[in-house]
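Single-structure report; data block below.
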Amino acid sequence: MNPHYQAEHIEPAAQAYWDTHKTFQVHEDPSRDKFYCLAMLPYPSGHLHMGHVRNYTIGDVIARAMRMQGKNVLQPMGWDAFGLPAENAAIKHGLAPSQWTYENIAHMRGQLQKLGLGYDWSRELATCDPDYYRWEQWLFLQMYKKGLVYKKATLVNWDPVDQTVLANEQVINGRGWRSDALVELREIPQWFFKITDYAEELLADLSQMPGWPEQVRTMQQHWVGRSVGANVTFHVDNRPETVEIFTTRVDTLMGTTYLAIAPQHALAIQAGLQDKDVQAFIDDCAHGKTSEAELTQMEKRGVFTGFYALHPLTGARLPIWIANFVLMNYGSGAVMAVPAHDERDFAFAKKYHLPIQQVIMPANNEPIDLHTAAYTPYGTLINSGEFDGLSSEAALKAISSQLIALKVGSWQVHFRLRDWGISRQRYWGAPIPMINCTVCGPQPVNETDLPVILPEGLTPSEKGSVLKEHTEFLETTCPLCGEKATRETDTFDTFMESSWYFARYTCPDQNEHMLDERALYWLPVDQYIGGIEHAVMHLLYARFIYKVLRDLKLVNNDEPFTRLLTQGMVLKDGAKMSKSKGNTVDPNALIEKYGADTVRLFSLFAAPPEQSLEWSDAGVEGAYRYLKRLYKLVYAHVSSPIKASRPPEWSSTQQTVRFHLHQTIKKVTEDLFTRQTFNTAIAAIMEFTNILQKYEINAPADQALMQQSLEALVLLLAPMTPHICHYLWQMLGHDTPLALCPWPGFDYSVLNRASYEMVVQINGKVRARLQVDENADEEAIKALALQEENVKKYIEGQTIKKFIVVPKRLVSIVV
RNA sequence: GCCCGGGUGGCGGAAUAGGUAGACGCAAGGGACUUAAAAUCCCUCGGGACUUAAUCUCCCGUGCCGGUUCGACUCCGGCCCCGGGCACCA
C-alpha cells in the first residue's frame, strides 16, 4: 500500500484485472434486464481527439453505472472505416487506403484501451471488412426487391480538370480544392433509397420518443417538413409542355404574376435552344455548389424564357422565367410566383420589374404597403374574382376544389425530406451490388454471389474512383442473360454503414445471416451517445434503416435508440479544436502525465454533457489534485489505529455527517441516472469529500461512519474514475471487484431534519433569514418573520398588502 | 438565408417545477510548512457604498431593450453576438 496516489501503477493493474476476468464480455441472458449502451463509432482518422475522449467517457460512465444497478450491460466498439479521408491520405502519401485505415485502427484501439473504457472487445467490427459490408449489400438487395431502390439523374459538383465528382467540402469558393478549376453542376444517374416512403412514420414516431432531447426531435421534424398543399398544372401558351408546381398557398393563386423554373428544367432547355442569351444564363447557372446554404444566400438572378404559362383559372398569360434559386433537385423544379405575398418572389419581381398583384388583405382591413415588402400572413381575398371576400382558409379549399374539377390540380402532402442518394463515385466504400448489362439493363447481383468484394490495395488518384479502370473488378457477366456485363462502380454513402452497425454488434460472428435472435434480445439500443452534429442526418437514416429491418422481420420494434444524449463540442480558446488552428490537445500526453482517471474526471466535470466544453489545462490539474486528496483520505482512514464500531445512537456531529452522506448518494444517483449531469454529480462528491476531510475521528463510531462514507464515495465515483476506485475499494478491505458491486442506496429518514432555513423578502428583497421548525404552520412562520429586527425596520409605518408563505422556501411580504 | 442551441464573477460552470444568484473547481492574492523549491494545508476572492471594527447593513449586477409577476438567470415580445446543421466531411 503506497501512501501516494500513483496512477501509472494503479491503471494498468485495473485494466489487466478487467481483461483477465473478462469483466465486460457479455452474453444474452433472458433472466436479466439488458442494457445496451452505445457511443457513436469513430472514424479512424489516426488519432483520438478530445471529442472522442468526452464521448466515450460519458458512455462508459452510463454503462458502468447501469452495471452497478444490476443490468446486463452491452457496450461495444467499432470503426466507421470507409470514407474520403482515407482516399485523401492515400493520394498524399501513396499508401493504400486499407493499409492506412487498419494502421489507424490499431493505434486508436490502443488509445481507447488506455482510457479504461469497459468495452466488450470481442464484438469489435470495422465497416470496411467484407464480413460486415456483405450484409449491407444483402440488405440493399432486399430493399431493391421491395421497390425501395431506384435510379435517377441528379446534380453533383463536377471538377472538369480532375474529371471527378467533388464533395461539398471539396468545393472552395466555387472551385475544386485540388485543381482550382471552376466547379460545374452536372447531372449524373445515381441510386436512391425511397426514404420518403417512411416520411409519415419517421415524423409520427418522433412524438413517442420521450428519451430524445426536444431540440433533436424538433430538428428532425423540420427536416422531414410535412406540408399540405396543392399541385397545380400550368399549360404553356402555344406549346405542348406543361409546368407542374406545388404550393401551400393556393389561396394566393390569383396573385400569380409569373412562374420561375430551374435552369435544368425541360422547358428551360427548350428556351436555351431558341435564344443564345437564355443559353448563356443557363450555362452561367451551371457553376456553384449544390448545397442549400449556398442556394439561399446567393444573389437571386433570372432570365425570361420567351414562353408564357396560362393561368389555370383566368387564362392570363404569365411570363415563365428561369431563376438560379429554383433547383431541379428540389420538388418539380418550378414554382408559381406571387410577389405580393411571398418575400422571395417580391424581391425577384422588384429586381426584374415584374407585376405585383395584391390578392390578400389583412383581416383587420389595415392598408398595406406593397412598395416595400410582401404581406405574407393569411387574410381576406381581394382582386380574386368569385373568391373575393373569402378568408385564406376558405379560399384554400374553394380554389383547390375548382382546380380539381378542372383537372389541373390535386391536394398533395409534400415533404421537405428528399430521397436518400446513396451512390458515391468513390473507390474507398462498399460496392453497390448491381451489374450493368447492355441488353438487360441494371441487374442486382445474386445473393449467392455476395459479397461483392472491393479490391483492396489500389492506390486512388485525384481523378476519382479507380474501380472504373480495374478490369478484374469491373468485368463480370449478367445474372439474367449470362452475357458480358460490367459492375456498378459506385460505392455506398458511408452513412449506410453507420445506419445499422449497432444491430450487427449483437451478433458480429453470424456468417449465415445479417442478424439473428441475439439482436432481438439486445435491441433497441437503450442509451445512444454522440455529437450534436449528427442530430439530423445520421440519426434519421439509422431510424429509416431500422424500420426497413423491422419490415424484413429482422428486428421487432420501431425505433433503434430509446434514449439519446447529444454531447457538445470540445473547444479550446473558444474554437473547435483542429490541426489548422493549432489548438489541439493530445489525450495521450495527458494520460501519461496524470492518468486516464484524471482526464476522464476533468472531461466530465468541466461542463454538462450537452454543452460545449472549454478545455483548460489548469482545470485538469484541479481534477488530479482532487484524486490525490481522495487517495490520501482513504489511506489515512485505513491507517488509523481506531477500531470501527457502530454506536447505539449517533451524536449530533455524526448525524450531520450521515445527513450529508445520504444527501450525496441521493444527489449523485439522480444526477447520473435521471439528469445525466455528471458535472454536478462530481461537484456533490467533492463537496462531501470536503466535509469528510474536516471530520475529526475520535471514537470507534466515527471510524465506522468514515468507513461507510468512504465506501459510498468510492462506489459513487466508480463509473467516472474506475481505476482509482477499483484500487481504493480493495484498500477499504473488499475482495469483490468494484465493477460488479451494487449501487449504494440512501435512506429518506436520515434526510428529514428538525428545522430548515427560510428567507423573508419584503417587496422582493431578502431582508432576513429564519430557522423554522419542521412542523411549524403558516401562522407560526408569519409571526416568526414579524419578530425579526430587520423585518420590523422595513414594515414600520407601512400597511402589509400581501403576505405569501412558500413552505420550506420563503416568506414574501408586500408593503 | 433557413432550422436548432447557447450567452451568469478574471475563467469553466451551479441555481432540477417562477422562490436565498455565483455551489463545485480553476486562476489570483495573503499566510503556514521548508535551507529553498515543488507538493500540501489555512484564509480572502462579483462590483460598489457605509462603519473604529465586524461574518452588520445598503445599492448595483445573469448579452441588450421592453413586458408579465409579490418575486424573473428561469416566462413573453423585440434585438445583438457565438456555436451546430442545411442532404457528397464524418
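Chain letters run A, B, ... following the sequence lines, proteins first and then strands; every chain starts at 1.
- Taking OG1 of A/T164 as the reference point, atom CD of A/Q170 lies at 7.5 Å (rounded to 0.5 Å).
- Contacts of A/R217 with the nucleic acid, taken as non-hydrogen atoms under 4.0 Å apart, are absent.
- Between the P atoms of B/U55 and B/C45, the separation comes to 8 Å (whole Å).
- Here the separation of B/G9 from B/C65, taken at their P atoms, is 15 Å to the nearest Å.
- The pairing partner recorded for B/A72 is none, the criterion being a Watson-Crick or G-U wobble arrangement whose two distances lie under 3.5 angstrom.
- Under the Watson-Crick or G-U wobble criterion, with both distances below 3.5 Å, B/U51 is left unpaired in every strand shown.
- Shown here, B/C79 forms a base pair with B/G63; the pair counts as Watson-Crick or G-U wobble because both key distances fall under 3.5 Å.
- Nucleotide B/G25 has B/C11 as its partner under the Watson-Crick or G-U criteria, with both atom distances under 3.5 Å.
- The aromatic rings of A/F192 and A/Y150 sit parallel to each other, their planes meeting at less than 30°, with 60° as the upper class boundary.
- To the nearest angstrom, P of B/G61 lies 8 Å from NZ of A/K765.
- Salt-bridge annotation for A/K351 and A/E299: present, with a side-chain N of the basic residue lying under 4.0 Å from a carboxylate O of the acidic one.
- Ion pair A/R424/A/D493 flagged as a salt bridge, since at least one NZ, NE, NH1 or NH2 atom sits closer than 4.0 Å to an Asp/Glu carboxylate oxygen.
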Using a 4.0 Å cut-off on protein heavy atoms (strictly under), produce a 5'-to-3' string for nucleotides 11-20 of chain B with B for base contact, S for backbone-only sugar-phosphate contact, and - for none. -BSSSB--BB
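- B/A90: no Watson-Crick or G-U partner with both key distances under 3.5 Å is found in any strand.
- Partners of A/R675 according to the salt bridge (Lys or Arg N to Asp or Glu O under 4.0 Å) rule, which considers only residues two or more places apart in sequence or in another chain, are A/D671.
- Following rounding to the nearest Å, A/N790 (CG) and B/C59 (P) show an atom-to-atom distance of 10 Å.
- Which of B/A87, B/G25, B/A90 sits closest to the side chain of A/F495 comes down to B/A90.
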Between A/E292 and A/R416, does a salt bridge (Lys or Arg N to Asp or Glu O under 4.0 Å) hold up when you go through it step by step? CA-CA 12 Å; A/E292 185 187 317; A/R416 203 188 78 97; 3.2 Å; yes
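- Remark: the separation of the C1' atoms in B/U51 and B/C42 is 28 Å, to the nearest Å.
- The ring of A/W212 has its center no closer than 6.0 angstrom to the ring center of A/Y528.
- If you check every strand for non-hydrogen atoms under 4.0 Å, A/Y794 touches sugar and phosphate atoms only.
- Following rounding to the nearest Å, A/M537 (CE) and B/G85 (P) show an atom-to-atom distance of 11 Å.
- The aromatic rings of A/W420 and A/F544 sit perpendicular to each other, their planes meeting at more than 60°, with 30° as the lower class boundary.
- Following rounding to the nearest Å, A/D342 (CG) and B/G1 (C1') show an atom-to-atom distance of 13 Å.
- Across the protein-nucleic acid pair, A/H534 atom NE2 and B/A87 atom P stand 15 Å apart, rounded to whole Å.
- Computed from coordinates, the A/D493 CG to B/C88 P distance equals 6 Å when rounded to whole Å.
- The residue among A/G619 and A/E343 whose nearest nucleotide of RNA chain B is located toward the 5' end is A/E343.
- If you check every strand for non-hydrogen atoms under 4.0 Å, A/W420 touches nothing.
- Between the C1' atoms of B/C56 and B/U52, the separation comes to 14 Å (whole Å).
- Among the protein residues, A/F803 comes within range of no part of the nucleic acid, since none of its heavy atoms lies under 4.0 Å from any strand.
- Rounded to a whole angstrom, the distance from the C1' atom of B/G6 to that of B/C64 is 16 Å.
- Contacts of A/E610 with the nucleic acid, taken as non-hydrogen atoms under 4.0 Å apart, are absent.
- Across every strand in view, B/C45 sits unpaired, with no contact that passes the Watson-Crick or G-U test at under 3.5 angstrom.
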Could you write out each protein N or O paired with an N or O of nucleotides 39-50 of chain B at a distance under 3.5 Å?
from: B/U40; atom 1: O2'; to: A/K632; atom 2: NZ; distance (Å): 3.4

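- Residue contacts for A/M298: at a heavy-atom cut-off of 4.0 Å it reaches no nucleic acid atom on any strand shown.
- Across B/G63 and B/C59, the matching C1' atoms stand 23 Å from one another, rounded to whole Å.
- Residues A/K793 and A/E789 are not paired through a salt bridge, judged by the lack of any N-O separation under 4.0 Å between the basic side chain and the carboxylate.
- If you check every strand for non-hydrogen atoms under 4.0 Å, A/V165 touches a base.
- Between A/F602 and A/W615, the ring planes are perpendicular. Angles over 60° get that label, and only those under 30° would be called parallel.
- Nearest nucleotide to the A/A683 side chain, out of B/C24, B/C88, B/A87: B/C24.
- In this structure, the CE atom of A/M219 is 7 Å from the P atom of B/G5, given to the nearest Å.
- Atom CE in A/M569 sits roughly 16 Å away from atom P in B/G6 (whole-Å rounding).
- The aromatic ring centres of A/F492 and A/Y133 sit 6.0 Å or more apart.
- Nearest-nucleotide assignment on RNA chain B puts the 5′-proximal partner with A/A623, out of A/R424 and A/A623.
- Ring planes of A/Y631 and A/Y635: parallel class, angle under 30° (limits at 30 and 60°).
- Atom C1' of B/A21 sits at a distance of 8 Å from the matching atom of B/U62, rounded to the whole Å.
- Rounded to whole Å, the P atom of B/G25 lies 23 Å from the corresponding atom of B/G31.
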